[in-house]
Amino acid sequence: MHFDLSILLPHLGFLARGAELTAAACALSLVGSVVMGALVAIARTSASSTLRRIAFIYVDLFRNVPFIVQLFFFYYGLPELGIYIDAFTTGVVALSIAGGAYASDTIRAGILAIDQGIIDAAEVSGLSRRKIFTRIVLPIALRTSVRPLGSVLINMILTSSILSTITLNELTGSAQIVVSQTYRPFEVYVVLLCAYAALTYLVSLAVTLLHRHLNRDMMEAVG
Amino acid sequence: MLKVENVRKAFSEVTVLDGVDLTIAPGEVVSILGSSGSGKSTLIRCINGLERLNAGRITVDDFDVSKPKELAEARKRSGTVFQLFNLYPHMSVLQNITLAPIEVLKTPRPEAEAIARKLLESVGLADRADAYPAQLSGGQRQRVGICRALAMQPRYLLLDEVTSALDPEMTAEVLAILAKLAAQGTTMLFVTHEIEFAREISDRIVFLDKGRLVVDLPTDRFFAADGGRAQPRVAQFLSRMRKD
Ligand SMILES: Nc1ncnc2c1ncn2[C@@H]1O[C@H](COP(=O)(O)OP(=O)(O)OP(=O)(O)O)[C@@H](O)[C@H]1O
Ligand SMILES: [Mg+2]
C-alpha cells in the first residue's frame, strides 16, 4: 500500500466535528471536575467525620475502578434504575466524577497550603464563610493547583477516547467510522495520533499561560 | 465602648488569659505591653472573634462577640491590622481594600474605590493601587493592611505588633501613619514592643503578665517610679526592653 493522506480530505469535516465533540466534552468535564473536586476537598477538610468518610470513599472508589467500567455502569446500568441520559451527558458526568476524584487532591493541597492568617483577615473583615471560600480560599488554591489540574485535563482528553465505546462519535469514534468507510486505518490513525498530540499540546500551552497569568504578581516581583 | 470583662481563655489545659478586664472608650489610644507569651495576641484575637472565650464577656458597642448573631455587628465595628499583613495575594492593592466594603457593607464599587484611593493617598501609596502584594515592600504592605482595616470605617482599630516584621526604616514609615491616626482621634488598641512610640501616642498603657492584666494606667503614671514602675514585673520588663 502507499501512504496517501489526500483520501481523507472528504472526511476532514467529519473528523473535525469529532474533535469538537471531544473538546466540548472535556471542557465541560473540566468544569465538572473542578466543582466536584472542590466539593470533595471541602468535605475532606470538614469537621463532620461522616462527610470526610464519604469523600474518602468517593476518591478511593473512582480512582481504583477502570474508567470504562464506570462509564458502562452509568450508560448501561442506570437505565435499569429508570435513569436515562444521553451518551454525551453520560460521558461528561462520568469524566467529571472520575476527574473530580483526582482534582480533589490537588485542590485540597492548594487549600491546606493557604496561610491561616489570610483567612483570619478575611474572617475579621466580616466576610461570610461562603464568600471567604469563593473569593479567597478557592482562587488562591486554584492558582497553586493550575498545573496539576492541567495534568488532570490532559488525562481527561486521553480518557475521553473511551467515550467512543458508548456510541459517542467524538474524535476516536469518528475516526473509527472513517476507517470503516475508507478501509485506510493507517492514514486515519496517523491523523488521529497527530490530532490528540496537538490537542494536548495546546492544552499544556494554555495551562502554562494561565499559570503565568494567575501568578503574574510573583513573576513581576522577581523580574 | 469596647469592653472586656473577666475574660478567661485557655488552650487545652493552659490558661492564657486569666480574668482580664479592659475598657476602651471612643477616641482613646491604649497600648498593651507585656513579654512574649503573656497573651497579648490572644486578647486581640478574642476581641475580633477569632478565638472563643472560656469565660467572661467581650462587647463592642454592646455587641457580644460570643453570640453568633452579634459577632457580625461587633466585627463591623472593629478593624484588625496584623503583624504579618495577611494581604490577599491574588488581589491587587485596590481589591484588597475594597473587597470587604463591597461585600459586607454593600458599598457601591465606585464609592468603595474612591474611598480606597483616598486612603492610599493618605499613606503615600496613591500610585500602587494596581500593584499586587508580592510587588510591595514590607512597609508598603503594612500600609495597605492599615488601609484595608480603615476602609471598613471601624470604631476601634486593633493592631497586633504591626511593625515587628519590618526593618527600622519601614517601621518608621508605618509608625508615622499610626501617629497621624492617633492625632485624628482614631480609637486604637495597640499591641507593641515599641515602648517609646507607645509612650508618645497612648492615653493609657496596660500591662499583661502571664495572662493577667496587672497594670492599667494613664501613660505618664505608667512610666512613673511610683506608678507602673512600682510593679517589679513592669520595671523588669521596661529595663529589659531598654537594653534591646
Ligand atoms: N492556638 C494556640 N494553641 C495553643 N497555644 C496557644 C495558641 N495561641 C497561643 N498559644 C499560647 O498562648 C500563650 C500566649 O500567646 P500569645 O500569642 O497571645 O502571646 P503574645 O503576648 O502575643 O506573645 P508575643 O509577644 O510573642 O507575640 C503562649 O504561651 C502561646 O504558646
Ligand atoms: Mg503576639
Side-chain angles (χ1 to χ4, degrees), chain A residues 34 37-38 41 45-48 106-150 207-223, chain B residues 41 44-51 60 63 65 68 71-93 95-106 130-137 141 144-145 148-152 154 156-158 160 165:
Chain A
V34 170
T45 46
S46 118
S48 146
T106 95
I107 295 175
R108 190 173 98 101
I111 290 176
L112 291 179
I114 297 175
D115 183 352
Q116 180 61 36
I118 290 171
I119 296 167
D120 287 349
E123 222 173 284
V124 302
S125 76
L127 292 170
S128 65
R129 292 202 161 272
R130 220 185 68 209
K131 283 282 178 212
I132 293 175
F133 189 77
T134 56
R135 299 298 305 273
I136 310 285
V137 175
L138 200 55
I140 297 177
L142 283 180
R143 81 182 198 152
T144 48
S145 42
V146 192
R147 278 180 190 287
L149 282 178
V207 166
T208 303
L209 292 177
L210 182 65
H211 181 265
R212 202 174 289 171
H213 175 73
L214 290 177
N215 294 280
R216 58 197 176 284
D217 54 321
M218 316 226 191
M219 309 283 171
E220 285 165 36
V222 178
Chain B
S41 297
I44 295 284
R45 291 174 60 83
C46 285
I47 295 173
N48 59 26
L50 288 174
E51 303 286 356
V60 183
F63 291 101
V65 299
L71 178 61
E73 276 304 317
R75 277 181 168 162
K76 272 187 204 165
R77 287 168 163 71
S78 71
T80 306
V81 184
F82 298 86
Q83 178 173 3
L84 296 175
F85 331 126
N86 297 342
L87 299 180
Y88 312 132
H90 59 306
M91 293 184 177
S92 70
V93 164
Q95 289 171 320
N96 262 277
I97 301 172
T98 56
L99 178 67
I102 291 172
E103 297 291 351
V104 180
L105 302 180
K106 309 290 177 204
D130 297 320
Y132 285 86
Q135 300 163 337
L136 303 178
S137 72
R141 283 182 215 181
V144 173
R148 180 175 65 178
L150 290 176
M152 293 296 282
Y156 308 90
L157 197 57
L158 312 174
D160 188 3

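Every chain is numbered from 1 and lettered A, B, ... according to where its sequence line falls, protein lines coming before strand lines. Note that these values count all heavy atoms, side chains included, but never hydrogens, waters or copies made by symmetry.
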Expected output: side-chain B:Asn86 to main-chain A:Gly117 donor-acceptor under 3.5 Å: yes

Residue list, salt bridge (Lys or Arg N to Asp or Glu O under 4.0 Å) with B:Arg77, at least two apart or on another chain: B:Asp61, B:Glu73

Most chain A-contacting option - heavy-atom pairs closer than 4.5 Å, from B:Ala131, B:Gly49, B:Pro89, B:Ala74: B:Pro89

Proximal to chain B - members of residues 106-116 of chain A, heavy-atom separation under 4.5 Å: A:Asp115

Sidechain-backbone polar pair: B:His90 side chain, A:Arg135 backbone, donor-acceptor under 3.5 Å: yes

Top contributor to chain A contacts, counting heavy-atom pairs under 4.5 Å, from B:Leu99, B:Leu136, B:Leu105: B:Leu99

Leading residue by heavy atom contact count with chain B [cutoff under 4.5 Å; candidates A:Ile140, A:Asp120, A:Leu214, A:Ile119]: A:Asp120

Inter-residue atom distance A:Ile132.CD1 - B:Glu103.CD, 0.5 Å rounding: 11.0 Å

Shortest non-hydrogen contact between A:Val124 and B:Phe82, atoms and distance: CG2-CZ, 3.9 Å

Between CD1 on residue A:Ile118 and OH on residue B:Tyr88, distance to nearest 0.5 Å: 9.0 Å

Side-chain touch B:Asn48/A:Glu123, heavy atoms, less than 4.5 angstrom: no

Considering all heavy atoms, the nearest A:Ser125-B:Met152 contact: O-CE, 3.5 Å

B:Leu87 portion near chain A, given a 4.5 angstrom heavy-atom threshold: backbone

